[in-house]
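Right, one structure below, let's go through it.
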Amino acid sequence: QVQLVESGGGLVQAGGSLRLSCRASGRTFSTYTMGWFRQAPGKEREFVVAISWSGGNTDYADSVKGRFTISKDNAKNTVYLQMNSLKPEDTAVYYCNARSDLQYTYNYWGQGTQVTVSS
């Protein structure tokens, strides 16, 4: 069982920056791919970015390339999402995700953190 807790959301002006954190806890029996998804009001959840356990591979949605950066600190069991040049369309609830590399059905979500970008 893995628990994920996000933090760092808030209100920011367009063009500003935020850094989200996701701390994982609990027993794991394999490495995990970590990532972020988001869901805006009236829209479906969408993929934002993912990072391999080693940090050597990343995958970004086209909408955030060049603006968002994912990183991780395995010693702290924490994944970060640095968000720069924020736009109003980035407004959403951001969810941390962890998926077992050994068993894809072991898939965990955080509670979400609100990011609001004003014009």
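Taking CG of Asp73 as the reference point, atom OH of Tyr80 lies at 5.0 Å (rounded to 0.5 Å). The distance from atom CD of Gln3 to atom OG of Ser25, rounded to the nearest 0.5 Å, is 4.5 Å.
The list of disulfide (SG to SG under 2.5 Å) pairs with a residue in residues 9-115, not counting sequence neighbours, reads Cys22-Cys96. Within the structure, side chain to side chain donor-acceptor pair (under 3.5 Å) pairs that include any residue of residues 10-22 comprise Ser17-Asn84 (at least two apart or interchain).
For the side-chain contact (heavy atoms from CB on, under 4.5 Å) with Met83, the qualifying choice from Val117, Leu20, Val12 is Leu20, the only one to do so.
Sparse packing is recorded around CZ of Arg23, with 12 or fewer heavy atoms of other residues, nucleotides or ligands lying under 6.0 Å away.
Thr69 places a side-chain heavy atom less than 4.5 Å from the side chain of Tyr60. Between Leu81 and Val49, some side-chain heavy-atom pair lies under the 4.5 Å cut-off. At a threshold of 4.5 Å between non-hydrogen side-chain atoms, the residues Leu18 and Leu86 count as touching. Proximity of Lys72 to Thr78: side-chain heavy atoms (C-beta onward) are nowhere separated by under 4.5 Å.
In this structure, Lys87 contributes its side chain and Gly15 its backbone to no donor-acceptor pair below 3.5 Å. Between the side chain of Ser100 and the backbone N or O of Tyr106 there is no donor-acceptor pair closer than 3.5 Å. Side-chain atoms of Asn97 do not come within 3.5 Å of backbone N or O of Asn107 as any donor-acceptor pair. Formation of a donor-acceptor pair under 3.5 Å by the Thr91 side chain with backbone atoms of Thr116 is not found in this model. The closest donor-acceptor contact from the side chain of Gln82 to the backbone of Ile70 lies at 3.5 Å or more, if one exists at all.
Taking the six-membered ring for Trp and thresholds of 30 and 60 degrees, Tyr108 and Tyr32 have ring planes inclined between 30 and 60 degrees apart. Ring pair Phe68/Tyr94 is tilted by interplanar angle, where 30° to 60° counts as tilted.
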- Evaluate the criterion side chain to side chain contact (heavy atoms under 4.5 Å, CB included) for residue pair Trp109 and Arg45; output intermediate values, then yes/no. CA-CA 12 Å; Trp109 297 90; Arg45 182 187 63 187; 2.7 Å; yes

With side chain to side chain contact (heavy atoms under 4.5 Å, CB included) as the test, would you mind laying out the steps for Trp53 and Asn74 before giving the verdict?
-> CA-CA 8 Å; Trp53 180 87; Asn74 284 346; 3.6 Å; yes

Would you check, one step at a time, whether the test side chain to side chain contact (heavy atoms under 4.5 Å, CB included) holds for Arg99 with Tyr104?
CA-CA 6 Å; Arg99 188 185 70 184; Tyr104 282 7; 3.6 Å; yes

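Under the 4.5 Å side-chain heavy-atom criterion for ILVMFWY residues, no single connected hydrophobic cluster contains both Tyr95 and Ile51.
Nearest heavy-atom pair, Ser30 versus Leu102, reported as atom, atom and distance to 0.1 Å: CB-CB, 3.6 Å. Nearest heavy-atom pair, Gln39 versus Lys43, reported as atom, atom and distance to 0.1 Å: NE2-O, 3.1 Å. A pairwise comparison of heavy atoms in Ala92 and Arg38 identifies CB-CB, 3.8 Å as the closest pair. For the pair Met34 and Ala98, the tightest heavy-atom approach, listed with the atom from each and the gap, is SD-CB, 3.4 Å. Closest non-hydrogen pair, Ala24 versus Val2, comes out as CB-CG1, 4.4 Å.
Ring centers of Phe47 and Trp36: at least 6.0 Å apart, outside the cut-off.
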